[in-house]
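The structure under discussion appears below in the form of C-alpha cells.
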Amino acid sequence: MITGKVSIDQIMRKAYRHRILIPAFNVAYLPMIKPIVDTLKKTYTFGLVEVARPDVEKFGAKSFREVANRYYALADRQFSRLHLDHIPVIDEDGKNVHWEYLIRMGLELGYDSVMIDGSRLNLKENIAITKRVVDISHQQGVPVEAELGAVLGHEEGPLPSYEELFQTKKGFTSPEQAERFVKETGVDWLSVAIGNIHGAISGIAKNKRKVSARLNLDHLRELTRVTKIPLVLHGGSGVKKASLIEAVQNGITKINVGTSIRQIYEQSLSKKPDDVETAQMRVAEEIERLIKEEYEIAGSWNHLTKWIK
Ligand code: 13P
C-alpha cells in the first residue's frame, strides 16, 4: 500500500514496470498547490507536485521553501510526493546557476526527488555533474532525474518550426549517449527529447497556446531498450493523446505539466483579479480533465498500491 512512508523511487519503479503514468504538475503560483493535491486525492490518482527554478524566478512560486512549507501543510502524502524540477547548471538565459547549493537546499527542505538539468553541457560534463548529484542525493535516499538531449522551448528567441524540429530530430536524445549516461551516472529517471518541447516562459510567447506535439515512438522504444529506467516527458502540455498513451506503453513513466495549468490560472485571475478561489477551481477542473480524459489514469493509486509492500 502507498503510505506516506513509501519512497518515490519504489513507486516510480512499479509504475514503470506496470506502465502507469505519474503526472507531475508544476507550481507556477503558490495557490496552485491546493487544487493539485486536492484533485489527486479526489480522483485516487498518484502524482507529483513539482516546482522548477523558472517557476520561482519568472512566475509566482516565490521560493522552494514556501512551496515545500505549503505542500506539507496541505498534502495527503498517500497521493503525492514533492519533486524539485529543473535545477539547471546553465539556465535558459545562459547564466551559470549555483546548482549544488539549490540541490542541497531541496534535500534539506524535504523534497522527495530532485532534477539536475545538465542538458546545456557537453556529454562528459553532464555525466560528471549528474553523477555528483546522484552521490549527494542517494546518501539521503533521494532519487535523481537528469536530462539528456534538448527539450527546447524555454530559451528566448525563435525556434525552428515544430515540423522541422520533428522531422530533423533536432535535440533528440541519442540512444548511444543515453546508454552510457545511465551506466556512468547511476541516475534514477531520465528526461528525454523525442518530439516534446517546453512551453515558452518569457516574452509574449508565454501567453500563447502551445503547439500540439507528437512523439517519435520508434526513437522512444530504442531509448527504453538501452536505458531500462523510468523515462520522463517534459513539455507535457498539449502532447497529442494518442502519442502519449503509446509512449506510456513504451517507457514514459512521468509527464511534466506546466504551461497549460499556469495559463488557466493566469487567465482566470486576469478576468477576476482578486478571485484566487475561482482560479484554483479552474486549475482543479483542468487537472481532473487531464487525469480522466487525456491520461486515463484516474484510480491509479488503487493499482499502484497493490504492488507496493
Ligand atoms: P510544459 O510547460 O510545456 O507543460 O512543460 C512543463 C515541464 O516540462 C516542466 O519541467
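Counting convention: from 1, in listed order, for ligands and their atoms alike. Along the sequence shown, residues carry numbers from 1.
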Item to check | Partner of Asp91 by salt bridge (Lys or Arg N to Asp or Glu O under 4.0 Å), out of Lys58, Arg120, Arg53 | outcome: Arg53
Taking only heavy atoms of [X], which atoms of ligand 1 are found under 4.0 Å from at least one of them?
{"X": "His234", "result": "8 (O), 10 (O)"}
{"X": "Gly199", "result": "1 (P), 2 (O), 3 (O)"}
{"X": "His86", "result": "10 (O)"}
{"X": "Asp85", "result": "9 (C), 10 (O)"}
{"X": "Lys210", "result": "3 (O)"}
{"X": "Val257", "result": "4 (O)"}

Checklist entry - Do Ser260 and ligand 1 have an N or O pair less than 3.5 Å apart? => result no
Checklist entry - Quick one: does Gly235 get an N or O within less than 3.5 Å of an N or O on ligand 1? => result yes
Counting C-beta onward and ignoring hydrogens, is there a side-chain heavy-atom pair between [X] and [Y] closer than 4.5 Å?
{"X": "Thr278", "Y": "Arg282", "answer": "yes"}
{"X": "Arg214", "Y": "Glu246", "answer": "no"}
{"X": "Asp112", "Y": "His83", "answer": "no"}

Item to check | N/O donor-acceptor pair under 3.5 Å between Asp188 side chain and Val144 backbone | outcome: yes
Next on the checklist: When you measure from the heavy atoms of Gly236 to every atom of ligand 1, does any distance fall below 4.0 Å?
Outcome noted: yes
Item to check | Step-by-step ring-ring contact (aromatic ring centres under 6.0 Å, His included) determination, His154 to His234 | outcome: CA-CA 11 Å; His154 271 175; His234 280 241; 8.3 Å; no
Checklist entry - Passes salt bridge (charged side-chain N to carboxylate O under 4.0 Å, His left out), Glu108 versus Arg104? Steps please. => result CA-CA 6 Å; Glu108 251 168 55; Arg104 285 189 187 278; over 6 Å; no
[atom]: nearest protein contact (heavy atom, Å):
{"atom": "atom 6 (C) of ligand 1", "answer": "Gly258 N, 3.5 Å"}
{"atom": "atom 4 (O) of ligand 1", "answer": "Ser237 OG, 2.6 Å"}
{"atom": "atom 2 (O) of ligand 1", "answer": "Thr259 OG1, 2.5 Å"}

Next on the checklist: Could you walk me through whether Lys241 and Glu296 satisfy the salt bridge (charged side-chain N to carboxylate O under 4.0 Å, His left out) test, starting with their C-alpha distance in whole Å, then the side-chain angles of each, then the deciding distance to 0.1 Å, before giving a yes or no?
Outcome noted: CA-CA 10 Å; Lys241 179 175 174 179; Glu296 300 181 351; 2.7 Å; yes
Checklist entry - Out of Ile201, Asn256, Val151, whose heavy atom sits nearest atom 7 (C) of ligand 1? => result Asn256
Next on the checklist: Is the distance between the ring centroids of Phe172 and His219 under 6.0 Å?
Outcome noted: yes
Checklist entry - What part of Arg262, side chain from CB on, backbone N/CA/C/O, both or neither, has a heavy atom under 4.0 Å from ligand 1? => result neither
